[in-house]
2 protein chains.
Amino acid sequence: MIPENIILNFGATLKQYSKERPIFNEGEQADFYYQLKTGHVKMFNLTEEGKEFVQGFFESGNSFGEPPLFGDFKYPATALTLVDSDIYLLPKAAFFDLLKLHPDIHLNFTKMICKRMIYKAKIAREVSIYPPEHRILTLLHHLKSNAKVTHHFEVPLTRQQISELTGLRVETVIRAIKKLEKTNALAIIDRKVVL
Amino acid sequence: MIPENIILNFGATLKQYSKERPIFNEGEQADFYYQLKTGHVKMFNLTEEGKEFVQGFFESGNSFGEPPLFGDFKYPATALTLVDSDIYLLPKAAFFDLLKLHPDIHLNFTKMICKRMIYKAKIAREVSIYPPEHRILTLLHHLKSNAKVTHHFEVPLTRQQISELTGLRVETVIRAIKKLEKTNALAIIDRKVVL
DNA sequence: ATGGGTATATGATTTGAATCATAAAAATAC
DNA sequence: GTATTTTTATGATTCAAATCATATACCCAT
C-alpha cells in the first residue's frame, strides 16, 4: 500500500466505480497500478461455459493487478467491484518512478507480493494433492488467521461463496462441511460454520 | 539472479551438495538466500501418503526459496538437489543489504517474482476450471517463455516430470499430450514434445 | 402474511481422471 | 552385448466429485 500523499504526488487519479463494474479484464494489457481507497474488489477467472474461479478479494488499502506491470504481461484474471468503490490509478511509468525514488515502498511491495506468492503456492498444493475437506479447512483457517478473533470464529461466507473460493461445487462444499463437523474439525451453529 | 562477484562481495558462501540431498524442508525457518551456481533443484510438497506435488524445478543461475525471507515465514515446500550441485548461500541480512545497495537487482528480483506469481495464479485457475490438456499446455508455454528459443522449443521434460509438475498421473499426461497433438497445439517429434 | 428469491440439503446419475494391469520401446548399467 | 531400469503406451476398472433433480428452510420485500 502506497501512502495517499505519495501516490498523488506521482500523478495518480482517483476514479469512482459503481458496484459490479469491471476494472480490467483477463487478457488485457496492464497499464496502471490500482490501489483501492474504499470499497471491495473481486478478482476471478471465467471459462466460456461460465465456470468461475476466484483468485482473491481485495478491500480498502489493498493494491491489485500489479504483477503483469513487471514485464508487459496481460492480466491473468478479471477485476470487478462488488460495491461502490474509489480506486487510485497510477500509470505504469509513474509507478516505476515511484518505486525507484522510494526504496522502502519497493521493499514493502516485494514483501506483500511474496506473502501472496506463498499463499498461491499453498493453494496449488491443496488443489492437487489434498481432498476437498482439506482445501475448505485451509481456506477457513486462512480467513480465521486474518480475523481478530482467536476462537469461536464465525465464518462470514455462504456455502456458495466457499464454493467459488475453492473451485468446488456447492453440493460438494455442503457435504464436505458436514464431514468436517463429524470429525470435530469445525462446528455448525445455527447453519453458520464456526471454528 | 545476482552476479557472482556481487553475491560474493556480500559474504555468500559456495556450498557443494551431492545429488538427492535436501537443502531445506517444508516448515523450517528461512534464513538464507539460495542461488544455484550449477546443478538442478526440485521444490515439492509431500503428503503423509506419499503424494507429491512439484512446485518447481530450478537450474543454473536460478534462485529459489526466497519468498519466506520477506516476512519470517516458514518454507512452504521442500527443496532437494537432483544432481551434484554448487549453491551460493547468502545470509538473510546480507541479502537485504544487497537489495538496498543495488536497486536494479531488487527490481529484477521483483520482476522475477511477479512472473512466478502470474504463473502460480494461472495454475490455480487451470487446476480448478480447466481440463488437463489446458493445464499441460500452460506449463509448456511457461517453460518456453523461460527458454531462449522462440520457435521449435523442445520440451526438456519426460512425461513423468510433466506429471509431477501438473499433479496429473503419467497416463493422463500421455493421453492429454496425444490429444493436444491432434489439435496441432504441439508436435511430438521423435517422442519429444515440441512447440 | 404472502410470494419470490436465495441458501441449504440430499438422493441419483454421469463423468473424467486415477488407478490397475500389462507391454513394448528406449536408455542405461553391467 | 545382454540385463535392468526407465519411459512411453494402451486398455479395463474404479472412484470421487460434478452434474442433475428436487425439496425444504430461510430471508426479505411488498
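Each chain gets a letter, A, B and so on, in the order the sequences are listed, and its residues count up from 1. These numbers come from the heavy atoms of this one structure, side chains and all, not from hydrogens, waters or symmetry mates.
When the shell of 6.0 Å around NZ of A/Lys115 is examined, it contains 12 or fewer heavy atoms from other residues, nucleotides or ligands.
Listed for the B/His141 side chain is a donor-acceptor partner under 3.5 Å among the backbone atoms of B/Leu137. Not one N or O on the side chain of A/Thr110 forms a donor-acceptor pair closer than 3.5 Å with the backbone of B/Thr110.
Under 4.0 angstrom from either OP1 or OP2 of D/dA17 there lies no side-chain N or O belonging to A/Arg169. A sub-4.0 Å separation between OP1 or OP2 of D/dA17 and a side-chain N or O of A/Thr172 is absent. At C/dT8, one or more side-chain N or O atoms of A/Arg159 fall inside 4.0 Å of OP1 or OP2 (strictly under the cut-off).
In this structure, the NZ atom of B/Lys192 is 15 Å from the C1' atom of C/dA25, given to the nearest Å. Taking atom CD1 of residue B/Ile177 and atom C1' of nucleotide D/dT8, one finds them 10 Å apart after rounding to whole Å. If you take CZ of A/Phe53 and P of D/dA18, they are 13 Å apart, rounded to a whole angstrom. The interatomic distance linking A/Glu171 (CD) with D/dT22 (P) rounds to 14 Å, in whole Å. In this entry the distance linking CD of A/Glu164 with P of D/dA18 reads 14 Å, nearest Å. Counting to the nearest Å, the C1' atom of C/dG5 and the CD atom of A/Gln160 are 14 Å from each other. C/dT8 atom P lies 15 Å from atom CD1 of A/Ile189, rounded to whole Å. When the C1' atom of D/dT7 is taken as reference, atom CG of B/Leu157 falls 13 Å away, rounded to whole Å.
Remark: aromatic rings of A/Phe70 and A/Phe109 are close, center separation under 6.0 Å. The six-membered or imidazole ring of B/Tyr34 lies near that of B/Phe24, with a centre-to-centre distance under 6.0 Å.
Between B/Gln55 and B/Asn45, the side chains place a donor N or O and an acceptor N or O closer than 3.5 Å (distance only, hydrogens not considered).
The listed nucleotides are D/dT8, C/dA21, D/dC26; the one nearest the side chain of B/Arg191 is D/dT8. With C/dT8, D/dT10, D/dA21 as the candidates, the nucleotide lying closest to the side chain of B/Ile174 is D/dT10.
The aromatic rings of B/His142 and B/Tyr119 lie parallel to each other, their planes meeting at an angle below 30°, with 60° marking the opposite boundary.
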Nucleotides 12-16 of chain C: which of its N/O atoms have a protein N/O under 3.5 Å away?
none

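Residues A/Arg135 and B/Ile188 both approach DNA chain D. Their nearest nucleotides, taken by heavy-atom distance, put B/Ile188 toward the 5′ side.
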